[in-house]
Protein chains: 2
Amino acid sequence: MSGESTQVRDREATSGRILAAARTLFAEHGYERVTVRMIASEAGANVALINRYFESKARLFAHVLVGESAMRSVIEGDPEGLPRRLAAHMAHRLSAGASDPIVRVIDRAGTSPEIRAVLRDRVESALTEPLRRHLPGPNARERAMLATSIILGGGSLRRVLGPESLREADPGFLEERLTAIFTACLAGPADGARTPAP
Amino acid sequence: MSGESTQVRDREATSGRILAAARTLFAEHGYERVTVRMIASEAGANVALINRYFESKARLFAHVLVGESAMRSVIEGDPEGLPRRLAAHMAHRLSAGASDPIVRVIDRAGTSPEIRAVLRDRVESALTEPLRRHLPGPNARERAMLATSIILGGGSLRRVLGPESLREADPGFLEERLTAIFTACLAGPADGARTPAP
DNA sequence: ATTTGTAGTAGACGCCCGTTTACATGTCAA
DNA sequence: TTGACATGTAAACGGGCGTCTACTACAAAT
């Protein structure tokens with residue numbers, strides 16, 4: 001194998017920096033407002049390398065989008081505690097400034113037709129479908145979509161009202177309310193109108 | 001007064017057509033992806049008139065944003081029935097293809113810095129503040145913001161998954177679930193964990 | 001030492017953006 | 001009828017966009 005000494009010319013390292021820069025910038029400003037020159041500058045790479053390694057800006061966005069998301073581990077687990085896990089995760093995101101990059105990228109992606117398909121697929125595969133699989137009873141898909149819309153709504157609120165908008169809210173209060181909200185849309189028909197409290 | 005015969009040169013009519021075209025296009029494609037030339041073409045007007053009558057694209061967007069919203073009449077009324085009114089309105093919007101233009105414009109506005117302030121002000125004045133005013137009890141602002149995020153989340157879902165995504169869902173089912181959801185985030189501390197069913 | 005292939009670079013290409021300027025045209029008061 | 005002013009128009013401006021091409025520089029194989 002070739003030496004792993006300090007390489008200045010390293011395709012993997014460079015494309016990795018490009019990908020990381022794209023992830024950060026797309027999450028911050030959205031797909032449309034981020035230029036390939038911004039990404040290249042942030043990554044310390046030449047603009048042409050983006051098209052060489054990722055073919056186009058849209059394909060680079062697709063690579064960013066399929067990155068790992070913290071939502072997977074939140075959704076998996078016992079369905080009983082799913083509403084509370086979602087609520088805790090989202091309350092934490094709303095309270096802290098930071099948030100799941102993937103969800104932010106989705107929220108700020110915009111309406112460009114060249115990324116619409118991959119965007120929809122990612123929301124399906126990362127949120128709606130995993131949620132649906134963990135829901136017993138009828139109307140599982142509709143309930144999963146309601147929960148998806150609430151998750152996305154948190155991102156929209158943050159985008160519009162700013163990251164500080166819910167910083168001063170009591171995290172415990174948020175978690176309790178969100179638990180009730182997620183319970184209301186996720187619960188099966190038997191306990192659909194029941195309170196989540198023990 | 002001047003005659004109201006068929007006038008070809010009519011500032012009010014022309015600027016009105018520009019405003020209407022902008023409203024439609026911004027709601028459909030978002031602020032960033034709509035060009036002033038698209039608006040002018042749709043309005044049957046010259047591009048330069050946009051800047052003459054509205055000063056800039058951003059100010060035109062601001063004019064669009066302060067238009068009337070159907071949400072006002074939904075929020076006003078007895079606080080008791082507020083969750084159900086919000087749920088019925090949103091269920092109707094999700095089921096039908098059409099939706100409140102203002103909410104769509106907000107959802108698709110994007111992240112352009114030149115419209116961030118007016119966007120935030122409009123969400124506050126059209127959604128968060130009216131909701132807060134109608135909520136008794138503590139944490140009224142936090143509860144109003146949760147409801148705002150759910151309203152915006154419906155728009156995000158529609159934007160990402162497409163207008164057909166919830167067309168085949170039972171409107172009655174959606175309304176019931178959304179009533180429970182809005183109740184969960186809007187209810188006062190006394191009945192915060194109670195079911196909305198009679 | 002020379003060849004070969006790949007990583008990286010500079011710059012241009014064609015296009016579209018929001019905005020502005022200079023000008024034509026219609027309307028109405030004097 | 002003639003001027004003044006408001007309305008509408010065509011064309012250009014400067015700039016940024018994603019992408020592509022021609023080129024250099026370097027590392028490894030011959």
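Here the structure is a predicted model, which means the values were calculated and not measured. Letters go in sequence order (proteins before strands), and every chain restarts at 1.
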What is the separation between atom [atom1] on [X] and atom [atom2] on [N], rounded to the nearest whole Å?
X	N	atom1	atom2	answer
A/L49	C/dA10	CG	P	11 Å
B/I50	C/dT19	CD1	C1'	11 Å
A/F54	D/dG18	CZ	P	15 Å
B/L60	C/dG18	CG	P	11 Å
A/D10	C/dT6	CG	C1'	12 Å
B/E114	C/dG18	CD	C1'	10 Å
A/I39	D/dG18	CD1	P	8 Å
B/R9	C/dA24	CZ	P	14 Å

* Asked: In degrees rounded to 10°, what angle is found between the helical axes fit to the five outermost pairs at each end of the helix from C/dA1-D/dT30 to C/dA30-D/dT1?
  ->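 Comparing the axis at each end, I get an angle of 20°.
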
* For the side chain of A/R11 and the base of C/dT6, is some donor closer than 3.5 Å to an acceptor across the two? ->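 In this structure, the two groups form no donor-acceptor pair.
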
* **Name of the residue among A/I39, A/V105, A/V64, A/T35 meeting side-chain contact (heavy atoms from CB on, under 4.5 Å) with A/L25** =>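 So the option named by the test is A/I39.
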
Between [X] and [Y] (salt bridge meaning N to carboxylate O under 4.0 Å), is one present in this structure?
X	Y	answer
B/D78	B/R85	yes
B/R141	A/E168	no
A/R133	A/E76	no
A/E28	A/R104	yes
A/R17	A/E42	no

* To do: Tell me, yes or no, whether the heavy-atom count around B/R33 atom CZ, taken from other residues, nucleotides or ligands under 6.0 Å, exceeds 12.
  =>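 Check passes, neighbour count above 12.
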
* Kindly check if the number of other-residue, nucleotide or ligand heavy atoms within 6.0 Å of NE2 (B/H134) is above 12? =>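 Yes, the 6.0 Å shell around NE2 holds more than 12 heavy atoms from other groups.
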
* **For the student: nearest non-hydrogen atoms of A/A22 and A/L60, plus distance** =>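 Minimum heavy-atom separation between A/A22 and A/L60: CB-CD2, 3.8 Å.
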
* Asked: Any idea which heavy atoms bring B/M90 and B/I150 closest together, and the distance?
  ->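 Minimum heavy-atom contact is CE-O, 3.4 Å.
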
* Does A/S56 put a side-chain nitrogen or oxygen below 4.0 Å from OP1 or OP2 of D/dG18? ->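 Answer no for this pair, as no side-chain N or O of A/S56 is under 4.0 Å from OP1 or OP2.
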
* Using only side-chain N and O atoms of B/T14, determine if any of them is under 4.0 Å from OP1 or OP2 of D/dT7. =>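 Checking B/T14 against D/dT7: no side-chain N or O falls below 4.0 Å of OP1 or OP2.
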
* With DNA chain D as reference, determine whether A/R37 or B/R37 sits nearer its 5' end, using the nearest nucleotide of each. =>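 Closer to the 5' end of DNA chain D: B/R37.
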
* Give a yes/no verdict on a cation-pi contact between B/K57 and B/Y31, requiring under 6.0 Å between NZ or CZ and the six-membered ring centre and an angle within 45° of the axis. =>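 Pair B/K57/B/Y31 counts as cation-pi.
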
* Name the nucleic acid region contacted by B/Y53, choosing base, sugar-phosphate or nothing; use a 4.0 angstrom heavy-atom cut-off, strictly under. =>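 It contacts sugar-phosphate atoms only.
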
* **Check: B/L174 main-chain N/O paired with A/E142 side-chain donor or acceptor under 3.5 Å** =>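 No; judged by distance alone, with no hydrogens or angles, the pair does not exist.
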
* Can you sort out which residues in residues 15-27 of chain A have a heavy atom within less than 4.0 Å of DNA chain C? Ascending by number, please. =>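 None, since no heavy atom is under 4.0 Å.
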
Identify the pairs formed between an N or O of the protein and an N or O of nucleotides 20-23 of chain C at a distance under 3.5 Å, and give each distance.
none

